[in-house]
Amino acid sequence: MPSIADQLSAALGDAFASLELPRELGRVTPSKQNPEVFPFQCNGAMPAAKQAKTNPRELAGKLVEFLHGLPQIGAAEIAGPGFINLRPAEHLYSERAAEIAADERAGADVVETPRKVMIDFGGPNVAKPMHVGHLRSSVLGDSLQRLFRFRGDEVVSDIHLGDWGLQMGHLITELEDEQPDLPYFDAAITDGYPSEPPVDIEDLARLYPQASAKAKSDEARLERSRAATAELQAGRPGYRALLKHFIDVSVAALKKDFGALGVHFDLWKGESDADPLIPGLVEDFKARGVAEESDGAWVVRVAREGDKKELAPLILVSKTGAALYGTTDLATILDRKQTIGPDLTLYVVDLAQSDHFEQVFRAAEKAGLAAEGALEHVKFGTVNGKDGKRLRTRDGGTFRLADLISSAIQRADERLKEAGLAADVGAEEHDRVARMVGLAAIKFADLQNYRTTNYVFDLDRFTSFEGKTGPYLLYAAVRVKSLMRRAEEAGVKPGSIQADAAEERDLVLSLDAFGAALDQACENRAPNTICDHAFTLAQAFSKFYSACPILSAEDDVVKASRLALAQATLKQLELCLHLLGMEAPERM
RNA sequence: GGCCCCGUAGCUCAGCAGGAUAGAGCAACGGAUUCCUAAUCCGUAGGUCGCGCGUUCGAAUCGCGCCGGGGUCACCA
């Protein structure tokens with residue numbers, strides 16, 4: 001059974017069709033005008049009348065006339081220039097509520113034709129620890145993979161490690177300066193390297209910035225890194241062995257970090273995995289004339305007729321013979337095409353890289369590696385401090401993601417203690433709850449804004465249990481869980497739902513809107529509509545909860561009905577939390 | 001300078017497949033608890049939707065031009 005809104009849309013669609021007008025005009029939306037009397041409205045009569053050059057009110061009159069006989073319609077009226085206000089038929093509330101209550105998916109549909117969707121996100125760099133910039137990609141990407149999967153698409157996520165290119169040359173040469181005697185640097189030695197890595201994660205974190213800073217002011221130093229990069233890419237055994245150590249050390253640390261964040265990847269591939277495909281890809285591009293020579297480099301021209309912006313060519317092979325960022329990305333697209341064959345690939349990467357992806361996508365399309373529109377840059381803005389500028393540490397450095405997370409968990413812990421929550425559950429459980437609250441605070445704060453906006457990071461606000469926050473939603477879910485436990489103790493069982501009170505109806509309508517919220521989140525590749533839905537639902541429940549006694553209701557039938565509503569709400573709320581990468585504890 | 005993103009209530013942000021009187025949260029003010037977790041609920045106040053012009057019966061939403069903030073512009077990733 002479709003949602004109430006969809007049933008009304010279908011009815012309106014029929015009405016339009018009966019007048020030989022497009023069904024799409026029948027789209028019904030929630031009404032803000034007078035929702036108690038007419039919760040929905042349809043605005044299609046006005047554009048239709050415009051097109052047909054007739055009077056909109058007259059047209060609306062015909063539509064309403066058609067609606068009168070239909071079983072879904074409780075009432076319909078014309079208002080203003082041609083708005084059609086709608087009230088669903090009485091029986092729809094309890095029918096739809098019963099269905100949501102019985103449905104594992106809480107009323108959300110699956111997609112008609114599942115696609116294979118590749119999601120590339122996270123993108124941490126082997127050479128450096130994760131910083132705030134990785135937060136959005138990770139949180140957003142993870143939510144998107146959960147969402148697409150839930151909707152029935154086949155999803156493959158890939159962390160796409162930054163383990164190739166100049167940064168590796170920096171690491172190698174900087175390590176050589178510190179420990180020149182290591183066998184990796186002796187070109188005469190080509191085998192039998194130590195199995196223990198020569199560095200740990202802190203070394204990596206130190207070496208890269210050192211080298212990068214030197215290279216900025218010292219051209220010769222930069223050239224050394226470039227040369228080392230070229231040698232690495234050419235296959236010098238000692239450098240390859242070092243690369244493997246770097247990756248291993250880094251991945252071990254990253255798995256810990258992402259595990260703590262609750263973020264999962266199907267594939268832990270990196271840029272270096274695409275390397276074997278590069279020579280063939282380059283030859284192919286040259287042979288087919290996709291690439292051409294320019295100033296000693298090989299480039300793919302991607303500018304198009306009628307472009308507003310002047311898009312520079314993508315550099316496939318630099319004049320020193322090195323593969324660049326774009327080359328690796330193209331080879332990765334080829335790799336994925338051969339091994340996975342995605343219908344759609346989403347790159348969850350910050351919007352500063354818009355031009356880069358535009359180049360890569362165009363080059364891929366030009367070369368026939370991907371269909372037009374099959375590659376998509378899901379861009380997002382920056383995380384700012386209260387000053388409105390990029391979030392920095394007090395001394396102006398970049399904020400480590402690990403520090404950010406631990407400070408959120410610590411703040412959550414303080415909040416819990418202030419409120420006397422999660423007090424009698426034991427220290428271990430308390431810490432677990434604090435972790436859930438802290439992560440929920442960060443994730444919800446990140447996801448509730450539309451992804452392209454830059455948002456201000458304010459831990460005090462995010463960790464509050466009041467208002468539109470992750471902790472509020474967790475608490476709302478916990479309250480219902482607690483209610484369900486009490487019901488069980490009292491031997492009360494959920495029964496058939498009868499939505500009579502205004503608060504009960506509003507709650508049903510809120511539950512009904514779940515699918516639409518997911519549709520929109522999917523379409524926009526932005527989970528903020530899920531955040532919004534979860535919050536609206538929690539609010540609708542709060543109103544219901546304060547207005548309609550459940551366990552203390554006098555009538556057993558009412559009691560069972562309201563408990564069923566509470567149970568359905570909990571299920572849908574937990575699904576929302578899950579899709580946002582959050583989890584509510586049993587008690588708080 | 002070209003291009004991209006952003007500009008909505010005191011603050012943080014939704015809304016932008018054109019639709020009625022522009023929303024939420026926080027902060028402010030007033031009220032509600034013998035009752036299932038008051039971290040709640042009810043109410044009040046708060047707006048030239050950056051500015052201007054245009055398209056339209058109708059513009060926060062679409063187009064053009066400005067202003068302000070951020071980003072980006074071929075051999076880094």
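What you are looking at is a predicted structure, and each value in this text was computed from that prediction instead of being measured. In what follows, chains carry the letters A, B, and so on, assigned in the order in which the sequence lines appear, proteins first and then strands, with residues in each chain numbered from 1.
Atom-to-atom, CD of A/Q33 to C1' of B/G23 comes out at 13 Å; the value is rounded to the nearest Å. Taking atom CG of residue A/L351 and atom C1' of nucleotide B/G69, one finds them 14 Å apart after rounding to whole Å. One interatomic measurement links the two molecules: NE2 of A/H356 to C1' of B/U72, which rounds to 13 Å at whole-angstrom precision. Here B/C75 presents its C1' atom at 11 Å from CD of A/E223, a figure rounded to the nearest Å. Remark: C1' of B/A74 and CD of A/E293 are 15 Å apart, rounded to the nearest angstrom. Put simply, CG on A/N85 is 13 Å from P on B/U21, counting in whole angstrom units. Rounded to an integer number of Å, the gap from A/M46 CE to B/A59 P is 13 Å. Between the CD atom of A/E503 and the P atom of B/U40 there is a distance of 18 Å, rounded to whole Å.
Under 4.0 angstrom from either OP1 or OP2 of B/U37 there lies no side-chain N or O belonging to A/R587. At B/G25, one or more side-chain N or O atoms of A/Q539 fall inside 4.0 Å of OP1 or OP2 (strictly under the cut-off). Between A/T452 and the phosphate of B/C6, there is a side-chain N or O to OP1/OP2 separation shorter than 4.0 Å.
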Anything under 3.5 Å between a protein N or O and an N or O of nucleotides 27-33 of chain B, put it in a table, one pair a line.
none

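A/D6 pairs by the side-chain contact (heavy atoms from CB on, under 4.5 Å) definition with A/P2, A/S3, not counting sequence neighbours. For A/A445, the side-chain contact (heavy atoms from CB on, under 4.5 Å) test picks out A/F462, with sequence neighbours left out. Residues forming a side chain to side chain donor-acceptor pair (under 3.5 Å) with A/Q51 (at least two apart in sequence, or on another chain): none.
Using a 4.0 Å heavy-atom distance criterion, A/I550 is classed as a base contact. Across all strands, A/A352 comes closer than 4.0 Å only to sugar-phosphate atoms, never to a base (heavy-atom distances). Residue-level contact check: A/E358 touches neither bases nor backbone, having no heavy atom under 4.0 Å from any strand. Within 4.0 Å (heavy atoms only), A/G165 reaches sugar-phosphate atoms of the nucleic acid but no base atom. Among the atoms of the strands shown, only primed sugar atoms or phosphate atoms (P, OP1, OP2) are found under 4.0 Å from some heavy atom of A/L166. Among the protein residues, A/P47 comes within range of the nucleic acid bases, having at least one heavy atom under 4.0 Å from a base atom. Within 4.0 Å of A/C42, counting heavy atoms only, lies no atom of the nucleic acid at all. Heavy atoms of A/A547 sit nowhere under 4.0 angstrom from any nucleic acid atom.
B/U12 sits 23 Å from B/G52 when the P atoms are compared, rounded to a whole Å. Nucleotides B/G23 and B/C29 place their P atoms 24 Å apart, quoted to the nearest Å. Going from the C1' atom of B/A9 to that of B/C5 covers 24 Å, rounded to whole Å. A gap of 36 Å separates the P atoms of B/G68 and B/A28, to the nearest Å. If you take atom P in B/C16 and the same atom in B/G50, they sit 16 Å apart, rounded to whole Å. Remark: the separation of the C1' atoms in B/A74 and B/A27 is 50 Å, to the nearest Å. Nucleotides B/C26 and B/C64 have their C1' atoms positioned 38 Å apart, rounded to a whole Å. If you take atom P in B/G1 and the same atom in B/G65, they sit 15 Å apart, rounded to whole Å.
Aromatic pair A/F535/A/Y472: centroids less than 6.0 angstrom apart. With ring centers used as reference points, A/H131 lies 6.0 Å or more from A/F399. Taking the six-membered ring wherever Trp is involved, the centroid distance between the rings of A/Y347 and A/F361 falls below 6.0 Å. Taking the six-membered ring for Trp and the full ring otherwise, the centers of A/F541 and A/F544 sit less than 6.0 Å from each other.
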Side chain to side chain donor-acceptor pair (under 3.5 Å) assessment of A/S225 paired with A/T173:
CA-CA 6 Å; A/S225 290; A/T173 48; 3.3 Å; yes
Please step through side chain to side chain donor-acceptor pair (under 3.5 Å) for the pair A/R390 and A/T382, ending with a clear verdict.
CA-CA 7 Å; A/R390 245 170 234 271; A/T382 56; 5.5 Å; no
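Applying the salt bridge (charged side-chain N to carboxylate O under 4.0 Å, His left out) rule to pairs touching residues 437-449 of chain A yields A/R136-A/D446, sequence neighbours excluded. Residue pairs meeting the side chain to side chain donor-acceptor pair (under 3.5 Å) criterion with at least one member in residues 550-564 of chain A, sequence neighbours excluded: A/E504-A/R562. Residue pairs meeting the salt bridge (charged side-chain N to carboxylate O under 4.0 Å, His left out) criterion with at least one partner in residues 39-61 of chain A, sequence neighbours excluded, are absent. Screening residues 462-476 of chain A for salt bridge (charged side-chain N to carboxylate O under 4.0 Å, His left out), with sequence neighbours left out, gives A/K468-A/D532.
Comparing atom distances between the A/K543 side chain and each of B/A77, B/C41, B/A74 picks out B/C41 as nearest. Among B/C75, B/A74, B/U40, the nucleotide with an atom closest to any side-chain atom of A/A312 is B/A74. Taking only side-chain atoms of A/D355, from C-beta outward, the nucleotide of B/U72, B/A77, B/C75 with the closest atom is B/U72. Of the candidate nucleotides B/A74, B/G19, B/U37, B/A74 has the atom lying nearest to any side-chain atom of A/P313.
The shortest distance between side-chain heavy atoms of A/P471 and A/L474 does not fall below 4.5 Å. A/I333 places a side-chain heavy atom less than 4.5 Å from the side chain of A/L375.
A/K214 pairs in a salt bridge (charged side-chain N to carboxylate O under 4.0 Å, His left out) with only one of the listed residues (A/E223, A/E219, A/E174), which is A/E174.
With hydrogens and angles ignored, no donor-acceptor pair closer than 3.5 Å exists between the side chain of A/Y545 and the base of B/U40.
Centre separation under 5.5 Å together with a plane angle under 30° does not hold for the ring of A/F535 and the six-membered base ring of B/G25, so they are not marked as stacked.
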Fill in the dot-bracket string of RNA chain B, one character per base: . for unpaired, | for a pair to another strand, ( ) or [ ] for pairs within the strand, taking Watson-Crick or G-U pairs under 3.5 Å.
(((((((..((((.....[...)))).(((((.......))))).....(((((..]....))))))))))))....
Taking distance alone, no hydrogens or angles, what donor-acceptor pairs closer than 3.5 Å link side-chain atoms of residues 25-42 of chain A to residues at least two apart or in another chain?
residue	atom	partner	partner atom	Å
A/S31	OG	A/Q33	N	3.2
A/S31	OG	A/Q41	OE1	3.1
A/Q41	NE2	A/N43	OD1	2.8

Spell out protein contact along nucleotides 10-18 of chain B as letters: B when the base is contacted, S when just the sugar-phosphate is, - when no protein heavy atom is under 4.0 Å; keep the 5' to 3' order.
--SSSS-B-
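Taking a 4.0 Å limit (strictly below) on heavy-atom distances, residues 482-490 of chain A reaches RNA chain B at A/S482, A/L483, A/R486.
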